[in-house]
Amino acid sequence: AKHKGKSSYAHFAPEMTEVSHERLKMESSMRRALELKEFELYFQPIVNTNSGNLFAVEALLRWNNPAMGMVMPDRFIPLAEETGLITPIGEWVLEEACRAAMGWKQSTGKDIGISVNVSPRQFRDPGFTETVMHALSASGLAPEQLELEITERLILDNSIETAEILRQLDKAGIRLSVDDFGTGYSALSYLKSYPFDTLKIDKSFVQDVIKEPEDASLVRAIINMAHSLGLRVIAEGVEEEAQTHFLKKENCDFSQGYFYSRPLPAPDFDVWLTNNHRV
Ligand code: C2E
Ligand code: CA
Ligand code: CA
Ligand code: CA
């Protein structure tokens, strides 16, 4: 075997080694994170645009690492995808999310749907459907209360397997939504061939509906198209009251964003729920 001394690192640009070292460190921390209970779900309400009443809740993953502090999903989900760690992490998310929704049902007496993000690699794992069904049966949550959020990126692959899994989940009564709608540059035809229930308009379109007439037109067109296909619409990233007036006028079914609430850790969400229990 070749002996690589310290000097061999000189062949790499210093930034490169730093980046890959950082990656390796993160990967090994991530491998232990489930066991060490470092993951946490935050919850963000999705409300009925007209009434402001709670409709459902999106579960958003956080990683509390002693060395790195709170790590946001955009920083670690891609690495979890690459390494395949997304499968066990995603399984934990599903179980925890269903358990939380069942808890709110018990505390409020109301059915509160839970939306869970699913990344492509997790979705393509052969055990995915089984994992979902297990999360439901273990928690006792009805399938109709679970919505899986899938990005356009996943649908782009256009494979028979993807279509088949979506059909299975739909048949089981689980709801399916297209997340980040409008960002995937994909053909719209998938909307009629796949069993989606909900379309989530990406926040990049919602952000400027008041300032930019083009964005307003796009959002209006998306809502009308979705409705004519029998899909419900959720606007993401609603931050200002003016946006809520626009969305009401355009008959956008549901809204989500900092204007209503930031994503909250479970204890804070419970408080929010008691103060906003018009469900
Ligand atoms: P996403 O599914 O599009 O989630 C919405 C993101 O927008 C969340 O960021 C949320 O905190 C943020 N947000 C909500 N309201 C507003 C608002 O009014 N203004 C703005 N500017 N942002 C708002 P977060 O929690 O950092 O999550 C980022 C992404 O990470 C998510 O985007 C989702 O794609 C992914 N993600 C989160 N949790 C999970 C998970 O459990 N599994 C997988 N596979 N992906 C996840
Ligand atoms: Ca989402
Ligand atoms: Ca369906
Ligand atoms: Ca989104």
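Note that ligands are numbered from 1 as they come in the structure, with each ligand's atoms numbered from 1 the same way. Here the structure is a predicted model, which means the values were calculated and not measured.
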For [X], the ligand 1 atoms whose distance to one of its heavy atoms is below 4.0 Å:
X: Val93; answer: 41 (O)
X: Met72; answer: 26 (O)
X: Glu58; answer: 2 (O), 4 (O)

Metal site angle (apex the Ca ion (ligand 4)), OE2 from Glu236 and OD1 from Asp179, 10 degrees: 80°
Would you kindly specify which portion of [X] sits under 4.0 Å from ligand 1, judged on non-hydrogen atoms: side chain, backbone, both or neither?
X: Lys203; result: side chain
X: Ile77; result: side chain
X: Arg62; result: side chain
X: Ser119; result: both
X: Leu60; result: both

Whether [Y] and [X] form a salt bridge (side-chain N of Lys/Arg under 4.0 Å from carboxylate O of Asp/Glu) is what I want to check.
X: Asp208; Y: Lys211; answer: yes
X: Arg220; Y: Glu250; answer: yes
X: Glu149; Y: Lys200; answer: yes
X: Glu164; Y: Arg167; answer: yes

Please state whether [X] comes within less than 4.0 angstrom of ligand 1, counting heavy atoms only.
X: Gly237; result: yes
X: Arg262; result: no
X: Lys200; result: no

For [atom], the protein heavy atom that lies nearest, with its residue and separation:
atom: atom 11 (O) of ligand 1; value: Pro263 CG, 3.3 Å
atom: atom 29 (C) of ligand 1; value: Asp74 OD1, 3.4 Å
atom: atom 16 (C) of ligand 1; value: Tyr258 CE2, 3.2 Å
atom: atom 3 (O) of ligand 1; value: Asp180 OD1, 3.2 Å
atom: atom 35 (C) of ligand 1; value: Pro73 CB, 4.1 Å
atom: atom 46 (C) of ligand 1; value: Asn117 CB, 3.7 Å
atom: atom 1 (P) of ligand 1; value: Asp179 OD2, 4.0 Å
atom: atom 19 (N) of ligand 1; value: Glu239 OE2, 2.5 Å

Tell me whether [X] contacts the main-chain N or O of [Y] through its side chain, where contact means a donor paired with an acceptor under 3.5 Å.
X: Gln243; Y: Gln207; result: yes
X: Arg121; Y: Glu82; result: yes
X: Asp268; Y: Leu264; result: no

Linked, directly or transitively: Leu60 and Phe43 (ILVMFWY side chains, under 4.5 Å): no
Single-linkage hydrophobic cluster, 4.5 Å side-chain cutoff, Trp92 and Leu36 together: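 Each belongs to a different hydrophobic cluster.
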Within-cut-off N or O pair, Gln44 and ligand 1, under 3.5 Å: yes
Glu58: its N/O/S atom lying closest to the Ca ion (ligand 2) (atom name):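 It is OE2, the N, O or S atom of Glu58 closest to the Ca ion (ligand 2).
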Of the N, O or S atoms in Glu149, the one nearest the Ca ion (ligand 2):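 The Ca ion (ligand 2) is closest to the Glu149 atom OE1, counting only N, O or S.
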Nearest non-hydrogen partners of Asp180 and Glu152, listed with the distance: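 What the structure gives for the nearest pair is O-OE1, 4.1 Å.
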Under 3.0 Å: N/O/S of Ser115 next to the Ca ion (ligand 2):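 Not a single backbone or side-chain N, O or S atom of Ser115 is under 3.0 Å from the Ca ion (ligand 2).
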Min side-chain heavy-atom separation Thr198-Leu176 under 4.5 Å: no
Flag side-chain contact, heavy atom, 4.5 Å: Leu61 against Leu41: yes
Full working for side chain to side chain donor-acceptor pair (under 3.5 Å) between Thr129 and Gln168: CA-CA 8 Å; Thr129 314; Gln168 278 176 24; 3.3 Å; yes
Metal check, the Ca ion (ligand 4) vs Asp180 N/O/S, cut-off below 3.0 Å: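 Coordinating: yes.
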Under 3.5 Å side-chain donor-acceptor pair for Glu91 and His134: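 Per modelled atom types, Glu91 and His134 side chains form no pair under 3.5 Å.
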Protein contact for atom 9 (O) of ligand 1 (heavy atom, distance under 4.0 Å):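 It does not; no protein heavy atom is within 4.0 Å.
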Derivation and outcome, side-chain contact (heavy atoms from CB on, under 4.5 Å), residues Glu212 and Phe205: CA-CA 10 Å; Glu212 305 288 344; Phe205 299 103; over 6 Å; no
